[in-house]
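Notes follow once the structure below has been shown.
Nothing fancy with the numbering, it's 1 onward along the sequence.
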Amino acid sequence: MRTRNTSLTTDQKALAVNLDKYKYGSIVEIGAGQEVARRFFQVGAAAGTVAKTMSAYDMAVSDDIYGHVDRYVSRARLLQMLDKEFTQVVARLAHLRAKNTTFFAYAATVTARSFKQKNECHGWVGIRLQLHPGAEPSDVIMHVRMLDNDNALQSEALGILGVNLIHGAFFHHQNPEWVVEGLADGLGSERIEVDLIHFSGPYFEEVENRLMNLHLIRSWLTRAVVFNPEGQVVVPGELLYRKPVMVMRGSFKPVTLVNVDMMASGVKQFSQLSEVDESEILSLAEVTMNSLISGDNVDGADFLARIDLLASQGYTVMISDYVRFFRLRAYLRRYTQKPIGIVLSVRDFQFLFDEKYYEGLEGGILEAFGKLFPDNTHVYVYPSRPRGTDPSATVTLDNVQVPANLRHLLAHLKENDKLVAVQPHDDSHLHIDIAEVLTGLRRGRGDWEADVPEGVAQRIIESRLLGYDTE
């Protein structure tokens, strides 16, 4: 199996494109200088690659060139730029260039570090290119966040990223995972975050974009990606901005009736906070990467099944590599100052109050809880009851057992409404155990069907999802 060459520097990548006389196009950049174009010019031989470079910073000028748009740093503006520039370069040059020329347009619209204020530094970057002479164009577009604290460094990082994208799209389009992995070459995860990527057009018809976005996490380009109920990848910042957020963590293999009741019950109590408008609550079903990985691999079919089943129930889904809850809270806090709620089962206390779970933290469990509850964050605790027992066996926040040396910590968190008991809407589901459901469905039809929403059972059976009927 061929492996990706990871030894090429940014300049070597730019030169490889320049020396290929059949790759020719435009580079237009708004918001952080013309670093991508500069990279191609400084290595030499750019006359064989670059037909045009441009920056249109003034909004009126930009609108005159590309048409009006409501937001200048947006996917819509990026697509306007790609449409205009690619169409123009082909119309002007196709009859003049060699017949085996493949044309491209690279575009970026970003807001970098401002001289006067510390604004959110992000943007949309993309390339439209022919992957065969005369072919209809293909697109690779992405949303990025620039993490450097200096405008010049952000511009430099965008220049490296742009060269990586152009080189990867042309030379590795047969392996989209390589395109993703190559984006961070020369950068690392400390300078650029890519939290959305989308492939489309000829040669990318078979690309499963949800798996490509999962690969962003595995390639250390982001810590989380988000899918809306239609299964589309969305920019987390746009979805979470200034909204109260309720998160339910789980493996959701599959989503069960107890998950549904847990979220509904948690949202009901969360909405009683004075700062929360129930109509604005964003409910997230969060799956951690460690629950998707088997060995060193991600089972793509398993992942897509879980996403589809959650989407069928109307959930927005987040995939993250935040093992500890306080890191998840910090991620959400980037985008919203409204209250954050986390709903979990009392069964999770075996991890939540296990000091070994916090090894590696200088302050241990106290540091973890201190970072989880600094401001307007509440954990809603849903009860549990062993199958076949009466209501007196129900385990709740009020009677759950934790290690003796942590009982005062538990009492403190309860007394200060950091941990809040949840009243279930329907306590007939408290016995449901997801491991038992998964074991049952792998044997075929059976009692497990009563433990999941009807539509979920139907999809599992019809599409033979999650290993249905394999034992």
Side-chain angles (χ1 to χ4, degrees), residues 205-214 225-234 239 246-268 281-289 291-294 297-319 343-345 347 382-388 422 424-471:
E205 296 96 339
E206 302 302 317
V207 173
E208 173 49 80
N209 277 297
R210 291 175 294 178
L211 290 176
M212 290 303 102
N213 280 270
L214 189 67
V225 292
V226 179
F227 304 86
N228 66 18
E230 288 72 48
Q232 300 165 330
V233 186
V234 293
L239 190 73
M246 172 62 85
V247 184
M248 173 175 58
R249 170 173 287 184
S251 66
F252 306 109
K253 191 175 180 179
V255 57
T256 66
L257 289 171
V258 76
N259 296 136
V260 174
D261 194 70
M262 187 186 303
M263 179 65 90
S265 303
V267 165
K268 180 180 178 181
I281 296 174
L282 177 67
S283 300
L284 282 179
E286 187 230 4
V287 183
T288 58
M289 280 296 294
S291 75
L292 294 172
I293 296 174
S294 176
N297 299 311
V298 171
D299 184 333
D302 174 273
F303 162 69
L304 294 174
R306 289 194 242 180
I307 294 290
D308 287 340
L309 293 174
L310 285 164
S312 74
Q313 300 304 300
Y315 288 111
T316 298
V317 182
M318 171 185 282
I319 309 296
V343 62
L344 50 78
S345 170
R347 298 183 186 188
Y382 189 85
S384 178
R385 183 190 305 150
R387 185 185 295 273
V422 171
H425 285 170
D426 185 348
D427 64 6
S428 67
H429 304 313
L430 298 184
H431 67 278
I432 295 175
D433 183 291
I434 194 167
E436 294 177 0
V437 173
L438 184 61
T439 299
L441 73 83
R442 286 177 171 171
R443 293 178 182 140
R445 303 201 63 160
D447 294 341
W448 66 269
E449 295 173 55
D451 292 338
V452 302
E454 183 177 348
V456 168
Q458 183 178 352
R459 284 171 177 261
I460 289 172
I461 294 166
E462 290 178 354
S463 301
R464 304 184 69 84
L465 302 177
L466 303 176
Y468 171 75
D469 197 20
T470 55
E471 292 185 0

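In this structure, CG on Asp302 lies 7.0 Å from CG on Leu292, to the nearest 0.5 angstrom. Going from atom CG of Asp427 over to atom OG of Ser384 covers 12.0 Å, rounded to the nearest 0.5 Å. Distance check, rounded to the nearest 0.5 Å: CZ of Arg249 to CG of Leu344 gives 9.5 Å. To the nearest 0.5 Å, the span separating CG on Leu257 from CG on Leu430 amounts to 11.5 Å. Atom CG of Asp469 and atom CD1 of Ile461 lie 9.5 Å apart (nearest 0.5 Å). To the nearest 0.5 Å, atom OG1 of residue Thr256 and atom CG of residue Leu438 are 11.5 Å apart.
Arg306 places a side-chain heavy atom less than 4.5 Å from the side chain of Ser291. Between Met246 and Val343, the closest side-chain pair of non-hydrogen atoms falls below 4.5 Å. With contacts defined as side-chain heavy-atom distances shorter than 4.5 Å, the pair Val452/Leu441 does not qualify. In this structure, Ile319 and Val287 have side chains that are in contact, with non-hydrogen atoms separated by less than 4.5 Å. The shortest side-chain heavy-atom distance between Gln232 and Asn209 does not fall under the 4.5 Å cut-off.
Remark: Arg443 CZ is loosely packed, at most 12 non-hydrogen atoms of other residues, nucleotides or ligands lying under 6.0 Å away. Taking a 6.0 Å sphere around CD of Glu454, one finds it holds 12 or fewer heavy atoms contributed by other residues, nucleotides or ligands. Dense packing is recorded around CD of Glu205, with more than 12 heavy atoms of other residues, nucleotides or ligands lying under 6.0 Å away.
Glu449 places a side-chain N or O within 3.5 Å of a backbone atom of Gly446 that can act as its donor or acceptor partner. Judged by distance alone, with hydrogens and angles left aside, the side-chain atoms of Arg385 form no donor-acceptor pair with the main-chain N or O of His429 at under 3.5 Å.
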Could you list the donor-acceptor pairs under 3.5 angstrom formed by side chains in residues 307-318, with sequence neighbours left out?
residue : atom : partner : partner atom : Å
Asp308  : OD1  : Arg210  : NH1          : 2.7
Ser312  : OG   : Leu309  : O            : 2.6

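Heavy-atom minimum distance, Tyr382 versus Asp426: OH-O, 4.0 Å. Heavy-atom minimum distance, Leu466 versus Arg442: O-NE, 3.3 Å. Taking every heavy atom of both residues into account, Tyr468 and Arg445 meet most closely at OH-CG, 2.9 Å. Between Ile460 and Pro254, the shortest heavy-atom distance links the atoms CD1-CB, 3.9 Å. Across Pro453 and Val260, no two heavy atoms sit closer than the pair CG-CG2, 4.0 Å. Residues Val422 and Gly266 approach most closely at CG1-N, 4.1 Å, considering heavy atoms.
Salt-bridge annotation for Asp299 and Lys253: absent, with no side-chain N of the basic residue lying under 4.0 Å from a carboxylate O of the acidic one.
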